[in-house]
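A short worksheet on the structure shown next.
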Amino acid sequence: MFPENPDAQLTRQKIAEALTAAGFPISPKTLATKATRGGGPPFRPFGGRAVYRWQDALDWAQRTASAPRCNTSEAA
């Protein structure tokens, strides 16, 4: 479901689908919000749309995720 090529350029919809398939559930709407407010993966405008490099988005998701926990009481 996600690209084999780390340099693949994907639309916001496709990057949301690929990240979700990789275990990082996110919606295109959340990515759009992060594109305007900051804090999201890097993107480039192309033809009026945002495109994301697959490896950049995956790296961002991995950095953004918290460390594994054994219970909800553990500090972040």
Hey, can you pull the donor-acceptor pairs under 3.5 Å for the side chains in residues 32-45, sequence neighbours left out?
residue: T33; atom: OG1; partner: K29; partner atom: O; Å: 3.1
residue: T36; atom: OG1; partner: T33; partner atom: O; Å: 2.9

- Using the test salt bridge (Lys or Arg N to Asp or Glu O under 4.0 Å), find all partners of R53 that sit at least two apart in sequence or belong to another chain. D7, D56

- Note on the structure: Sequence neighbours excluded, the answer for side-chain contact (heavy atoms from CB on, under 4.5 Å) partners of T20 is P25

- L19 versus A57, closest heavy-atom pair with distance: CD2-O, 3.7 Å

- Item | side chain to side chain donor-acceptor pair (under 3.5 Å) against Q55, all qualifying residues, sequence neighbours excluded | D59

- Not counting sequence neighbours, which residues clear side chain to side chain donor-acceptor pair (under 3.5 Å) with W54? List them please. none

- Could you name each residue pair satisfying ring pair (Phe, Tyr, Trp, His ring centres under 6.0 Å) that touches residues 5-37, not counting sequence neighbours? none

- Query: Minimum heavy-atom separation for A18 to P3, with atom names?
  - Reply: CB-CD, 4.0 Å

- Of all residues at least two apart in sequence or in a different chain, which pass the side-chain contact (heavy atoms from CB on, under 4.5 Å) check with Q13? T11, E17, P28

- Message: Are the side chains of Q9 and Y52 in contact, using a 4.5 Å heavy-atom criterion?
- Response: no

- Message: In the structure I gave you, are the side-chain heavy atoms of I15 and L31 within less than 4.5 Å of one another anywhere?
- Response: yes

- Query: Do T64 side-chain atoms and W60 backbone N/O form a donor-acceptor pair below 3.5 Å?
  - Reply: yes

